[in-house]
Amino acid sequence: MKFITVLPEFIPSSTIRDTVNQIMPEMEIVNSLDFEKSDADVLVATTFTKLDREQLKKFPNLKYLQIASTGYDNVDLAYAKEKGVIVCNVPIANKQSVAEHVIAFILIFLKDMIFLNSELKERKNWPLLTGSRDLEGKTVGILGMGMIGIQLAKRLIAFGPSLLYYDVRRLKPEEEEELGLNHVSFDELLSSSDIISIHMPLTPITRGLFNEETFSKMKDGAIFINTSRGEIVVESALINAVKKKAIKAGIDVYEKEPPDFNSELFKLDNVICSPHIAGVTAESQQRLLTETISNVLRYAQGIDPLYRVEL
Amino acid sequence: MRGHEAFADSVRKLDLLPVFGNPGTTELTSLKEIGDYVLTHFDGLSVGMADGISQYSFSPHLVNLHTILGLGNSMAYIYSAKMNHSPVIITAGQQDMRHMMMEPLLSGDLLGFIGNNVKFKYELHSASEISAVLRRAKVEAMTPPIGPVMISIPMNVMDEDSPYKSPEPVKMNYDISNKEAVSAVANLINESKNPAIVFGWEIDLFNAFEEAEKVSEKLGCAVFAEPLSQRSPFNSSHRMFGGNLMPGTTLINLKLLQNDLVVFIGGDVTVYPYLPSPLLEGKKVVFVGLNIDPKIGDFYIANVKLFLRELVDKVTRKCNFSRPADFQTATKIANERERMGITYVMSKVKKLFDDHVIVDEAISSSTTLRDILGYSPRKYFFSKSGQLGWGSPAAAGISMKEEKVLAIVGEGSFMYSLQILWTVKRYNLPVKFLILRNGGYSILKSYSISYSPGVERKDYLSFDLPTEKFAESFGIESMVAGKDLEELKWLKDGNSPRLLVVDVDRTIPKLFL
């Protein structure tokens with residue numbers, strides 16, 4: 001059985017190679033798919049490597065594709081299904097990190113951090129009044145109650161807000177009770193929430209879900225956070241909502257990545273941006289590596305790998 | 001007919017049975033012909049049971065106390081019956097009048113002793129007046145303001161032979177409508193900028209829930225519950241319900257800050273502790289009802305059901321209130337699960353006991369209990385007197401008419417009336433006891449923190465009581481609940497009495513300003 005890992009160019013393969021050599025020395029590590037063919041049975045890749053039909057054709061023996069990430073929308077799943085390739089991701093490594101990133105966005109806005117920071121550092125001013133508010137008692141709407149949504153709810157509950165969620169798959173009543181969750185319709189979540197955070201996968205249904213109409217149903221001045229997939233939000237509609245409804249937006253993902261830095265999005269005071277990095281922390285990368293390696297080792301020993309993507 | 005025969009026949013004809021009591025030698029003669037007797041091993045518990053069953057059935061029941069001593073033991077319960085407007089008929093034996101000059105053992109000034117805690121009191125002079133006095137006692141108890149009455153029964157009267165006339169049945173009619181009141185209150189409401197309606201316990205007494213809801217929907221304004229209502233004042237799941245008023249002038253004022261008119265219907269103002277804010281200053285305040293004794297504002301006497309039925313057609317829409325969906329309780333439940341907070345415990349109770357009558361004597365948890373379990377017709381009872389020890393016997397009394405009764409009592413309160421477990425076992429009453437054990441007098445500790453800082457740390461305010469073992473010793477099945485409260489299902493099952501102890505959060509709640 002042959003194994004190959006494709007890392008994006010910005011990740012130094014030498015560091016990874018040193019580690020992998022001690023665990024799985026037969027693993028080949030490359031920084032690009034710039035080759036004609038590989039006879040590897042197992043391919044490990046990140047979301048930064050596009051694995052469309054053409055690229056996957058370079059692996060005629062491929063039986064198992066491990067994506068070292070939660071997301072896997074870089075993979076042509078239809079082709080994988082056609083060829084009987086098992087596709088797995090690692091949905092558990094960065095969920096804590098994303099949840100914390102969302103809370104950071106929320107608190108920056110609620111605590112008026114941008115204003116306070118600039119008053120002191122830029123204007124050398126000592127403001128006596130601020131618009132700082134508490135998270136306790138606010139209503140947070142979580143769209144999508146998968147692993148990240150659950151991690152977010154677990155962390156938020158200690159702050160004491162009301163928690164709404166919408167997901168086509170409803171949790172069991174005892175799970176809702178434990179997490180303090182109220183299941184509501186999508187529209188009720190939009191109209192009732194002071195803070196909305198998206199944790200949905202990108203699908204034909206969710207693509208462009210947040211558009212002019214959706215934003216119009218939100219409360220004026222609400223906080224909107226997207227750390228899931230950029231294409232779920234129509235960026236022009238978001239810009240309008242920020243301008244017309246005083247929506248505050250914490251954005252980690254974009255319609256196009258890297259984004260157009262001339263976009264008005266980057267000029268608005270009420271928008272905080274991060275570069276699709278909500279799930280990337282030192283700790284999450286360690287977890288990601290561990291989970292990826294252990295899943296590949298599992299497969300190498302003839303054990304079913306975990307986290308199979310439904311094809 | 002002998003006095004005791006006349007007494008038994010009159011009690012039966014007036015539908016006052018069973019008799020609740022704890023007799024002594026001075027009562028034995030009067031009980032010769034009484035068969036339907038429920039014994040309690042402390043006099044006051046008889047009054048508590050009669051209070052519960054009389055309120056629940058809206059029908060007076062008789063209590064048999066042992067002369068001035070039994071009366072003394074029962075005074076707190078009699079005061080509670082008064083505050084609860086419960087039509088309890090108290091009887092107490094008196095020494096033989098033929099040697100009263102000697103001030104014999106077990107004699108005393110019963111009528112003077114009971115004071116103004118009953119609305120009618122009378123000492124029998126002869127057997128010939130037994131049926132008339134009992135009948136009058138029933139009428140007096142049921143006439144608004146409804147409340148307890150008392151008859152002193154000298155031993156010699158029960159042995160007297162005299163002509164007897166069976167009492168006529170008592171028929172009460174509360175259909176007191178008041179068109180002037182309807183017109184005046186409707187005008188006030190229509191002219192006000194922002195009226196508030198506060199409903200009280202008479203809504204439950206006269207089953208005026210539907211009428212109250214219709215008026216609230218027509219007005220479109222939030223409606224509230226009177227402070228510490230002893231019965232359900234409104235259907236709290238209704239979208240117009242704005243919550244309970246708290247018993248303090250400042251707290252009431254804060255809740256009704258935006259209102260220029262406050263109309264209390266079938267309820268009253270209860271305040272505790274003293275707060276210096278003048279109550280509802282500058283607002284028009286009106287009370288409507290049959291039993292209440294308003295201290296401020298205008299008062300109209302009327303049956304609240306009839307009053308509301310007529311009022312609904314005369315008022316115009318004034319507000320656009322609709323209670324927002326409650327999403328916050330889920331957060332509290334999740335946050336309190338680990339430490340067994342009251343919101344968590346009550347949410348579990350609500351799931352299983354929603355069809356039960358709740359008797360509330362969990363004093364420091366009562367606000368949360370009311371919020372989570374809510375109000376609905378004849379489903380909530382509380383003592384307006386503030387007495388500890390009332391809830392358990394009252395629940396036992398109610399359980400003689402309704403098999404689904406849950407008494408929720410603090411472990412400190414439960415000690416006041418522990419002996420009720422003997423009666424419950426002896427008569428196999430189906431009452432269920434949920435004991436919230438928080439390790440002390442939480443209400444006192446909370447009050448201390450607000451008004452007497454430091455006292456909350458006194459060691460005598462904390463205790464560890466093995467309540468489940470006390471129950472076992474009376475032959476009552478008992479358990480201590482685990483964190484997931486699965487034992488609540490056990491508590492609910494079956495028709496025999498059971499007791500469940502829940503070790504709840506010991507954090508002292510902030511209950512006072």
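The structure presented is a predicted model; accordingly, all values stated were derived computationally and were not measured. The sequence lines fix the lettering, A, B, ..., with proteins before strands; numbering per chain opens at 1.
Shown here is B:Lys332, whose NZ atom has no more than 12 heavy atoms of other residues, nucleotides or ligands within 6.0 Å. Within 6.0 Å of CG on A:Asp269 lie no more than 12 heavy atoms contributed by other residues, nucleotides or ligands. Counting heavy atoms of neighbouring residues, nucleotides and ligands inside a 6.0 Å radius, atom NZ of B:Lys193 does not exceed 12 of them. Around the CD atom of A:Glu175, the shell of radius 6.0 Å holds more than 12 heavy atoms that belong to other residues, nucleotides or ligands. In the displayed structure, A:Met113 atom CE is contacted under 6.0 Å by at most 12 heavy atoms of other residues, nucleotides or ligands. Within 6.0 Å of the CD1 atom in A:Ile205, the count of heavy atoms belonging to other residues, nucleotides or ligands does not exceed 12. Summarising the local packing, NZ of B:Lys214 is surrounded by 12 or fewer heavy atoms from other residues, nucleotides or ligands at distances under 6.0 Å.
Contacts of residues 206-238 of chain A with chain B at a heavy-atom distance below 4.5 Å are absent; not one residue qualifies.
With sequence neighbours excluded, the residues that form a ring-ring contact (aromatic ring centres under 6.0 Å, His included) with B:Phe433 are B:Phe414.
Put simply, of A:Glu176, A:Glu177, A:Glu188, the one with the most heavy-atom pairs under 4.5 Å next to chain B is A:Glu177. Ranked by heavy-atom pairs under 4.5 Å with chain B, the list A:Val184, A:Asn182, A:Leu181 is led by A:Asn182.
Residues B:Thr331 and A:Leu163 come closest through the heavy atom pair OG1-N, 3.9 Å. Here the shortest heavy-atom pairing between B:Ala334 and A:Gly180 reads CB-N, 3.4 Å.
For chain B, the nearby parts of A:Ile157 are the backbone and the side chain; heavy atoms of each come within less than 4.5 Å.
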